[in-house]
Each structure stands twice: as C-alpha cells, then as structure tokens.
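Some notes on the structure that comes next.
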Amino acid sequence: MVTVIEGKLEAQGLRIGIIVSRFNSFVTDKLLTGALEALESHGGEEESIEIVRVPGAFEIPLAARKMAASGRYDALVCLGAVIRGDTPHFEYIAAEAARGIGNAMMTFTIPIAFGVLTTNNVEQALERAGSGKGNKGFEAALTAVEMANLTREIP
Ligand code: INI
C-alpha cells in the first residue's frame, strides 16, 4: 500500500505570523484581509495570529528571518505588492524579497508562504487582491496552514 502524506487545511491550534508591507497599502491591506479570512474560515484563532508590519517588500525577509528564528510560529505568511515602474528598481526589490523569504524558509525549516505580488501594473495587482480565491493573501495563508500541518506529518 502506498503511503500518501498531506497537510490538512485546518488552522486550529496553529500559531501563524503574518508579515505585511505598507508600500502599496491599497493592495496589501486587501491581501491581509484575505489572509485573515482564510485563517478564520479554517478554524484559526485570533489569539494565535500575529501581524508584523514592515515599510516595503524589501524589508520582509529580515522580519521573516527573525520571526522564523524565534520558534514562536508554526508558519509565516509574507504579504507585499511590488509593482513595476519605469526603472529596474522593481527587479531588485522583487528578487530580493523572493530570495530572502526562500532563504529564511530553508534556513529555519519553517513554512513561509510567498504572498508578495509582483505585477506589471496596478490593475494586475488589484485583480489578485480581490475577494475569496481571487485573493493571493487568502491563498498564501492556506498554503501556510497546509504546509504547517504537512511538516508535522512528514517523519
Ligand atoms: N516596495 C514595495 O513593497 N513595492 C514596490 O513596488 C516598491 N517600489 O516600487 O519601489 C517598494 N519599494 C520600497 C522598498 O521595498 C523598500 O522599502 C525601500 O527601498 C527601503 O529599503
């Protein structure tokens, strides 16, 4: 018999840290709302959720690293919105956010969901910060829940 190991979408009992950047807050506020909706609708308890605000996506990895190192969380959710402008600035911020978040996850072996939008324009960002499943914050929070439960199950 083949063994299949999967993580449940059950947030009850999980300690979740959310890092959200203020830059483009008209988008990141919606991502945060989506993430909280996902956790609450899957059994998450308010007292087990902590939100850390950072200035921009570039600062997310440092906060994620410190939070991952603390041992206080079962999983983290990173939320940000990097929107392309007229200069290569976008590339540096998006790449550093992705690299730093991935790095923190692998260093501390804790699930960290990547809910940082990297889009060509504001319209694309808003499309991905809509309601329910059209919200990348919602999706990222569910990924964090699934991975937190999965990593408990993997021997
Ligand atoms: N930060 C973002 O989160 N999104 C952006 O689109 C963005 N742009 O385009 O500049 C951005 N810049 C700020 C950056 O994240 C840092 O906060 C800043 O460089 C200070 O370190």
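Just follow the structure's listing: the first ligand is 1, and inside any ligand the first atom is 1.
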Please tell me if the side chains of V145 and L14 come closer than 4.5 Å, counting only heavy atoms from C-beta onward.
-> yes
E40 side chain near E46 side chain, heavy-atom distance below 4.5 Å = yes
For M67, the side chain to side chain contact (heavy atoms under 4.5 Å, CB included) test, sequence neighbours excluded, returns I19, V52, Y73, L76
Is there side-chain contact between V77 and I18, with heavy atoms separated by less than 4.5 Å?
-> yes
side-chain hydrogen bond (donor to acceptor under 3.5 Å, both in side chains) partners of residues 145-155, not counting sequence neighbours, each pair once | D74-R152
Within the 4.0 Å heavy-atom sphere of ligand 1, strictly under, residues = F23, N24, G56, A57, F58, E59, A81, V82, I83, H89, I93
Please list, chain by chain and in numerical order, all residues satisfying side chain to side chain contact (heavy atoms under 4.5 Å, CB included) with K66, sequence neighbours excluded.
-> none
